[in-house]
Q: 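I'd like to ask some things about the structure below.
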Amino acid sequence: MALKRRLAGALESAPPSRFALPRRHAGVLDEAGRERALAIAQAFVSAPTAPYAEDAPFELVLGLYAGREGFDVLVDEHANLIVVWAGKGASRAKSRSARRTLAFSAHLDHPGFLVEGRRGGRWIARFHGGVPAARLVGARVRFRRPGRADALATAVVDAVQPGMMCTLRDVHGKLAKGCFGVFDLADGVVAGTRLSARVCDDLLGAAAIVCVLEMLAESGHPGRVAGVFTRAEETGFVGCIGLLQARGLLSETDVVGLECSPRRATARLGRGPVVRVGDKRSVFDPSISLELAAAAESLASRAPAFRWQRALMDGGSCESTAYNLWGVRAGAACLALGNYHNCDERGGIGPERVDWNDFEGLVALLHELAQARAKDSDAAGALRERLQAGFERDADLLARSATRILDRLEG
Ligand SMILES: [Zn+2]
């Protein structure tokens, strides 16, 4: 009888996942690095998350770095998390840019539901994040308590009231106030080179940071590099602004904001990671954008199959806008994303999609940038020298034609 009741109450399991490395790749990570990147990405996209319920990915990062040699972990009053690779040995870096801390930043949340309670005999969950209300109707949702892996209940969104208050139907299991809900989709499925996942934005940004931190630790990287993991980005950079107001960042920090951002005609899936020069709201720090582009060119010169893109990703705005507005220099890089915020081609809710090789390329690009910083590379200086050389090449032509034009002016 007890068994029968348990079976009757058992939740249907979530759709199955499949993680496997595609055979075809750009050759920017070695086989061990690719395997590790896949394991890290899998761990992140499998961590259920929503704005104000980032407990699982937060604990994932903390579990990797708390108490680990070579790393410092800082948690601010808003539970934003900063992991600092302190750098091995005395830094020989002399230039100003090399002395600054390079930080990669990503957010740990993704649009999702928070259960408000029961009203008029119906369960109500508020949706947080940018998804049109009409798409939510009919969406299947899986609920958990923050910090708990096992699902408590599943339900379907029946209607969306003002304030993104969703009435739920077909509730199976036990809902409770304080639970959070995620779309009931597979954690991740790799098919060909494409990765479809319930959450790419921005757990793959967070996963890319961890991949880079692991590479820096492995090579005993000399420079200081930080990973910043923020909360509640989807509700208006709320965690990030809290971090900036609390002055939680190390002083003299340059940020590269990482995102999965809606694909554009100029930034497509499978064409490599994107050096993101701006978003819907603002353009980013020119010298950091220049450094990212220089790192991409240097990587491409060694790995001919590596591709990269440079684009204004104006399908959404990102934390780099907030960093720059609060006086922290920020550039950005991202993955071109399909089905942004789970909005699929059929007008409903489906998995987000990226190209796996773009992810490997992003990891390699960020690692290259960290190395360039540690080597005192000066991307702006190099570009200025190149332009100066062109000026010197044509200086005679400029002078002779100037004489003619100015003579005529006097005559
Ligand atoms: Zn995002």
Side-chain angles (χ1 to χ4, degrees), residues 41 44-45 47-54 56-58 60-61 78 80-81 103-113 127-132 135 180 182-183 185 188 195-210 227-244 255-264 267 269 273-282 284 311-325 330-344 349-355 358-359 362 366:
F44 272 91
V45 300
T49 189
Y52 312 109
E54 300 90 345
F58 177 94
L60 178 57
V61 179
H78 309 290
N80 296 295
L81 187 55
F104 299 120
S105 178
H107 62 93
L108 296 178
D109 62 322
H110 183 78
F113 302 81
F127 189 76
H128 295 263
V131 178
R135 285 194 182 250
F180 73 102
V182 303
F183 294 127
L185 300 165
L195 165 62
S196 301
R198 183 181 57 243
V199 179
C200 292
D201 168 20
D202 192 22
L203 292 177
L204 287 180
I209 296 176
V210 167
V228 182
F229 303 88
T230 63
R231 298 175 52 229
E233 185 270 356
E234 301 290 358
T235 51
F237 316 139
V238 176
C240 181
I241 291 168
L243 174 75
L244 287 161
V255 172
V256 176
L258 305 179
E259 268 288 0
C260 298
S261 186
R263 64 196 163 95
R264 290 294 185 245
L269 271 73
V274 183
V275 173
R276 184 181 196 175
V277 299
D279 66 9
K280 202 181 197 168
R281 304 262 172 244
S282 75
F284 302 150
L312 178 75
M313 302 298 277
D314 56 356
S317 47
C318 78
E319 290 174 331
S320 293
T321 283
Y323 282 117
N324 280 313
L325 285 175
C334 66
L335 298 175
L337 176 69
N339 289 357
Y340 172 59
H341 283 181
N342 306 96
C343 296
D344 69 12
I349 293 297
E352 293 189 320
R353 196 160 50 231
V354 299
D355 187 273
D358 293 351
F359 179 80
L362 178 65
L366 303 178

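Both counts, for ligands and for their atoms, begin at 1 and track the order of listing.
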Q: Side chains of His341 and Asp201: closer than 4.5 Å at any heavy-atom pair?
A: yes
Q: Ignoring hydrogens and geometry beyond distance, is a side-chain donor-acceptor pair present between His107 and Asp109 at under 3.5 Å?
A: yes
Q: Please name the atom of Asp201, restricted to N, O or S, that is closest to the Zn ion (ligand 1).
A: OD1
Q: Decide, counting backbone as well as side-chain atoms, whether Cys318 has an N, O or S atom less than 2.8 Å from the Zn ion (ligand 1).
A: no
Q: Any side-chain to backbone donor/acceptor pair from Ser196 onto Pro351? Under 3.5 Å, distance only.
A: no
Q: Would you check if the Zn ion (ligand 1) lies under 2.8 Å from any N, O or S atom of Asp202?
A: no
Q: Determine yes or no for a side-chain-to-main-chain donor-acceptor pair under 3.5 angstrom, with Arg264 supplying the side chain and Leu312 the backbone.
A: no
Q: Given atoms OE1 of Glu259 and NE2 of His107, what angle do they subtend at the Zn ion (ligand 1), to the nearest 10 degrees?
A: 100°
Q: Kindly compute the distance separating CD (Glu54) from CG (Leu203), expressed to the nearest 0.5 Å.
A: 9.5 Å
Q: Of the backbone and side-chain N, O or S atoms of Glu233, does one lie nearer to the Zn ion (ligand 1) than 2.8 Å?
A: no
